Every structure is written in C-alpha cells, then in structure tokens.
There are 2 protein chains.
Amino acid sequence: MSTRDTGTEQLIRDTAKHLFFAEGKLHATTQEIADAAGVNRTLVNYYFRSRDILFDQVFNEAQEVFSSTLDEVFESSMPFKEKIRNLINVFIEETTQYPYRQLFIITEMNRDLVLYSKRSRVNKVKSFIEEIQLEMDNGELRKMDPRQFIINLFSLMAHPLITAPLQQAIFGMNDDEYAKLMEERKELIFETIFR
Amino acid sequence: MSTRDTGTEQLIRDTAKHLFFAEGKLHATTQEIADAAGVNRTLVNYYFRSRDILFDQVFNEAQEVFSSTLDEVFESSMPFKEKIRNLINVFIEETTQYPYRQLFIITEMNRDLVLYSKRSRVNKVKSFIEEIQLEMDNGELRKMDPRQFIINLFSLMAHPLITAPLQQAIFGMNDDEYAKLMEERKELIFETIFR
DNA sequence: CTTTTGTTTAACAATTTTGTCAAACTAAAA
DNA sequence: TTTTAGTTTGACAAAATTGTTAAACAAAAG
C-alpha cells in the first residue's frame with residue numbers, strides 16, 4: 001500500500017498533540033480534534049483506525065521525546081555547569097511550548113487500561129547521578145541525595161509552566177507578564193540550584 | 001423538602017474527589033464514580049441532577065479549600081520562618097493526600113465552557129509579598145522578585161508529588177521508597193529556600 | 001483520455017455515556 | 001400499624017461519541 005502523503009495523517013497527529021500538550025484539552029474528542037485540524041472526522045478513523053490508537057501514538061511519541069530530551073542531557077559530555085545551563089534552556093523552551101505534555105502522560109498512566117512501557121530509565125540516569133555526586137564531593141554543590149537535586153531542578157523548571165493559569169490567577173498577571181517572569185527564571189533557577 | 005441524610009450525597013461527592021484528586025482519574029464517568037462509591041448510578045442524578053453539577057461542586061470545593069489553605073498561611077501572624085515551615089508541612093501533607101487536585105483545577109479551567117470564578121487572589125497575597133520583600137531587605141533571603149520566591153517554594157513542594165509516577169519510573173523506586181524521599185524533602189526545601 | 005489507487009466525504013450504525021421516570025423500598029411520623 | 005416522604009432501584013429514553021461503509025473525488029500511471 002503505497003501512499004500519496006497529503007500530510008493529513010501528520011496534521012491530525014500534530015493537532016492532537018497541540019490540543020493535549022499546548023492547550024491542556026485532555027478530554028478532547030475525535031470531533032474536536034478533527035475540527036481543530038480542519039478535516040473530516042472520519043479521517044481520524046481512516047488513518048488511525050480508532051481513537052485509542054491515535055492516543056497511543058501520541059502518548060508513545062510524547063514519552064519518547066521526553067525521554068530522549070533527558071538522555072541527550074544526561075549523556076552529553078559537557079562540563080557539569082554547562083550541562084545544567086543547557087538543560088534549563090532546552091527544558092524550559094520545550095515545556096513552554098508543551099506545558100501539559102507531562103500532565104498528559106501522567107493522566108494516561110493513571111487511566112489503567114493503558115499498558116505503558118514501564119521500562120525504567122534507571123540506567124540512563126545512573127551516570128548523571130554519579131556526576132552530581134562527584135560535584136557534591138568536590139564542594140561544588142550542597143550535599144544532598146542526588147535524586148533530590150534532580151527533583152528540585154525539574155520542579156523549579158516545570159511546575160510554574162504547568163500551573164501557569166493558577167499562578168496568573170493568584171498574582172493577577174496576564175500572559176505577557178507571566179512569560180517575562182518565566183524568562184527571568186532561567187538565570188534564577190541556575191543560581192538557586194548552585195546556591 | 002427535608003432530608004433523611006443517609007450520607008449518600010456526601011459519599012458520592014467524596015468518592016468523586018478521591019477518584020479525581022487522589023487517583024488522578026480525570027476522565028471518570030458517572031458510572032465509574034457510582035461503582036467506586038458502591039451506589040446506583042441513578043443516585044448521581046438524584047442528588048446532583050447532572051454530571052456537570054457534580055463536577056462544578058467538586059471543582060468549586062477544590063478551589064475553596066486550596067484558596068483557604070493559602071490564605072491561612074498568608075494571613076497568619078507567625079514569624080516568617082515559622083510560617084514557611086508550617087506552610088511546608090501543611091501543604092505537603094495535603095498534596096500527598098490529593099496530589100492531583102491542582103491538576104484537576106487546571107484541566108477544568110482549560111476546558112472552556114466552565115466559567116470558573118476568576119476573582120484573583122491578588123489582595124490576599126499582597127501582604128505576603130510585602131513580608132517576603134521585608135525579609136529580603138533584612139538580608140534573611142536572597143534578593144529576587146518575591147513572586148519568584150513563592151513560585152520556587154510551591155514548585156519544590158507540589159511538583160514531585162504531582163509527577164510521582166514519572167519520577168518513580170525514572171528512578172526505579174516503589175511507593176514506599178518515594179514516600180520516604182518526599183518526607184525528607186520537608187527539611188530540604190526549607191534549607192533550599194533559605195539557601 | 002482512461003484507469004488505477006489512494007483520499008475524502010456523507011450517511012448510517014454501533015457503542016458509550018448520560019438523563020428520566022415510575023415503581024419498590026425504608027425509616028420516621030402519625 | 002398505617003401513612004408519609006425521602007431514598008433507592010431497574011427499565012427505558014436521549015444524547016454524545018465512536019466506528020463503518022459506499023460513493024464521490026483527485027492525482028498519478030498507463
């Protein structure tokens with residue numbers, strides 16, 4: 001079965017991702033996805049056969065992108081501080097674009113049914129943990145469980161973007177003002193992490 | 001219309017909250033809620049008339065609890081450090097019990113339709129921000145936008161609990177191990193915040 | 001130009017989820 | 001005990017969502 005590739009399949013996938021990850025419309029129906037993509041709903045079934053398959057594809061892709069983003073950082077051979085600086089830039093950039101991606105992953109994980117690939121990333125992080133431990137031994141970082149360091153780092157990066165609507169309500173800020181605050185965070189996080 | 005109060009109405013509400021906030025089942029149907037509560041699905045309509053009304057009640061209650069939790073802290077008259085210590089304990093306790101409550105709120109906010117009370121909490125936070133500013137002026141805290149301080153604090157507290165399933169997968173930890181890590185965080189966050 | 005084949009569409013069917021209603025039930029009041 | 005009124009249940013209806021099919025369409029091949 002050769003293909004003529006009208007781009008529709010990818011359009012649907014991308015639109016779904018945008019609704020889920022960027023707009024946080026976790027309940028989006030196939031009709032809503034089709035409408036947002038400007039195509040006939042039937043095409044969702046034509047290309048993906050079922051709603052679940054589309055969801056699975058988006059879910060798996062999300063996991064892979066998320067994973068490989070981490071791996072790139074974990075496995076790069078830059079000096080530690082540079083590596084962190086790079087991570088902050090890349091991660092915040094991605095999370096700004098797709099703030100609800102992690103949220104989507106977690107929601108799908110909590111949905112039973114879904115048999116998500118549970119292959120842990122233990123091995124991949126291991127070297128990163130060792131590297132952090134080394135920095136602590138050398139007095140470059142405050143001593144703590146290296147996992148706590150990682151959790152701190154990701155919390156400071158991701159959470160304000162995931163909860164943007166709430167934060168904006170609390171502080172009474174509009175989108176632009178909040179975006180500016182997030183931009184300032186890049187440096188701030190770096191300083192906070194390295195005390 | 002007087003009531004006999006069999007507790008069923010509250011049971012349904014509480015079960016819904018548990019599914020949404022504790023288990024992260026953001027897609028739960030009325031049937032699933034009824035099953036989890038061990039009651040006939042029709043009772044959801046009897047007591048709440050419609051699914052949407054039940055959702056609205058849960059949503060509003062969540063917002064109120066969340067808000068008043070913050071207010072209690074913001075408006076208390078303890079010394080600053082004690083106040084923060086107290087906040088960390090209370091907030092982590094609550095978020096451990098209901099890790100997905102914020103997530104539920106945000107998801108519902110992103111769902112259009114829902115006309116959530118947008119009354120900002122600007123006034124309530126204002127005094128807290130001033131208090132933080134004062135601490136910074138006195139050299140007790142590193143100088144930064146006080147809002148960033150607040151965001152840091154809440155990020156460090158909430159995010160690891162919201163993303164627990166992901167973190168556990170990354171680090172290959174079971175529930176108990178992760179719970180222990182979270183317990184250790186209380187002190188760690190305090191130290192991190194006060195550098 | 002005609003055929004072929006992949007794409008798109010609309011109408012229809014099936015399924016899932018939600019909502020309604022009357023009858024059965026149950027605890028308190030009369 | 002009978003009555004009353006709120007509660008619970010099952011059967012049914014309505015609505016929303018998803019899936020299927022045949023026909024229309026369009027671009028490339030022959």
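Chain naming here is simple, since letters A, B, ... match the order of the sequence lines and numbering starts at 1 in each. In this text, all values refer to a predicted model and were calculated from it rather than measured experimentally. Side chains included, hydrogens not; waters and symmetry mates left out as well; all remaining heavy atoms used.
Taking the six-membered ring for Trp and the full ring otherwise, the centers of B:F55 and B:F20 sit less than 6.0 Å from each other. Here B:F154 and B:F91 bring their ring centres to under 6.0 angstrom of each other. For B:Y100 and B:F21, the ring centers sit 6.0 Å or farther from each other.
Taking 4.5 Å as the limit, some side-chain heavy atom of A:T107 sits within range of a side-chain heavy atom of B:L103.
Distance CG (A:L43) to C1' (D:dA24): 14 Å, rounded to an integer number of Å. One interatomic measurement links the two molecules: CG of B:D35 to P of D:dT9, which rounds to 12 Å at whole-angstrom precision. We find that CD1 of B:I53 is positioned 14 Å from C1' of C:dT20, with the value rounded to whole Å. Remark: C1' of D:dG6 and CD of B:E9 are 13 Å apart, rounded to the nearest angstrom. Remark: C1' of C:dT18 and CZ of B:R49 are 14 Å apart, rounded to the nearest angstrom. Residue B:L54 contributes atom CG, which lies 16 Å from atom P of C:dT17 at whole-angstrom precision. Straight-line distance from the CZ atom of A:F55 to the P atom of D:dT17: 12 Å, rounded to whole Å.
A close approach under 4.0 Å does occur between a side-chain nitrogen or oxygen of B:T8 and OP1 or OP2 of D:dT8. Not one side-chain nitrogen or oxygen of B:N45 sits closer than 4.0 Å to the OP1 or OP2 atom of C:dT18. For A:Y47, a side-chain nitrogen or oxygen approaches OP1 or OP2 of C:dT8 to under 4.0 Å.
Residue B:D52 is classed as having no contact, given no heavy-atom separation below 4.0 Å to the nucleic acid.
For A:T6, the listed nucleotide lying nearest its side chain is C:dT8; candidates were D:dT18, C:dT8, D:dT7. Listed nucleotides C:dG19, C:dT9, D:dT9 differ in distance to B:N40; the shortest reach to its side chain belongs to D:dT9. The listed nucleotides are D:dT7, C:dT18, D:dG19; the one nearest the side chain of B:Y46 is D:dT7.
Within 6.0 Å of atom NZ in A:K180, 12 or fewer heavy atoms from other residues, nucleotides or ligands are found, so the atom counts as exposed in its surroundings.
Pairs of residues two or more places apart, or lying in two chains, that qualify as salt bridge (Lys or Arg N to Asp or Glu O under 4.0 Å) and include a residue from residues 89-107 of chain A are A:E93-A:K186, A:E94-A:R101.
At least one donor-acceptor pair under 3.5 Å links the side chain of A:N174 to the backbone N or O of A:D176.
Using the six-membered ring where Trp is involved, B:F59 and B:F104 have ring planes that are tilted, between 30° and 60° apart.
A salt bridge links A:E61 with A:K17: at least one charged nitrogen is closer than 4.0 Å to a carboxylate oxygen.
For a distance-only test at 3.5 Å, the side chain of B:R41 fails to qualify as a donor-acceptor partner of the base of D:dG10.
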Heavy-atom contacts, protein to nucleotides 21-30 of chain C, under 4.0 Å, summarised as B (base), S (sugar-phosphate only) or - (none) per nt, yield B----BB---
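Only A:T29, A:T30, listed by number, bring a heavy atom of residues 22-30 of chain A to less than 4.0 angstrom from any atom of DNA chain D.
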Fill in: Worked check of side chain to side chain contact (heavy atoms under 4.5 Å, CB included) between A:F80 and A:F128
CA-CA 10 Å; A:F80 188 70; A:F128 189 54; 4.2 Å; yes
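Two residues, B:V39 and A:Q31, neighbour DNA chain D, and the one matched to the more 5' nucleotide by heavy-atom proximity is B:V39.
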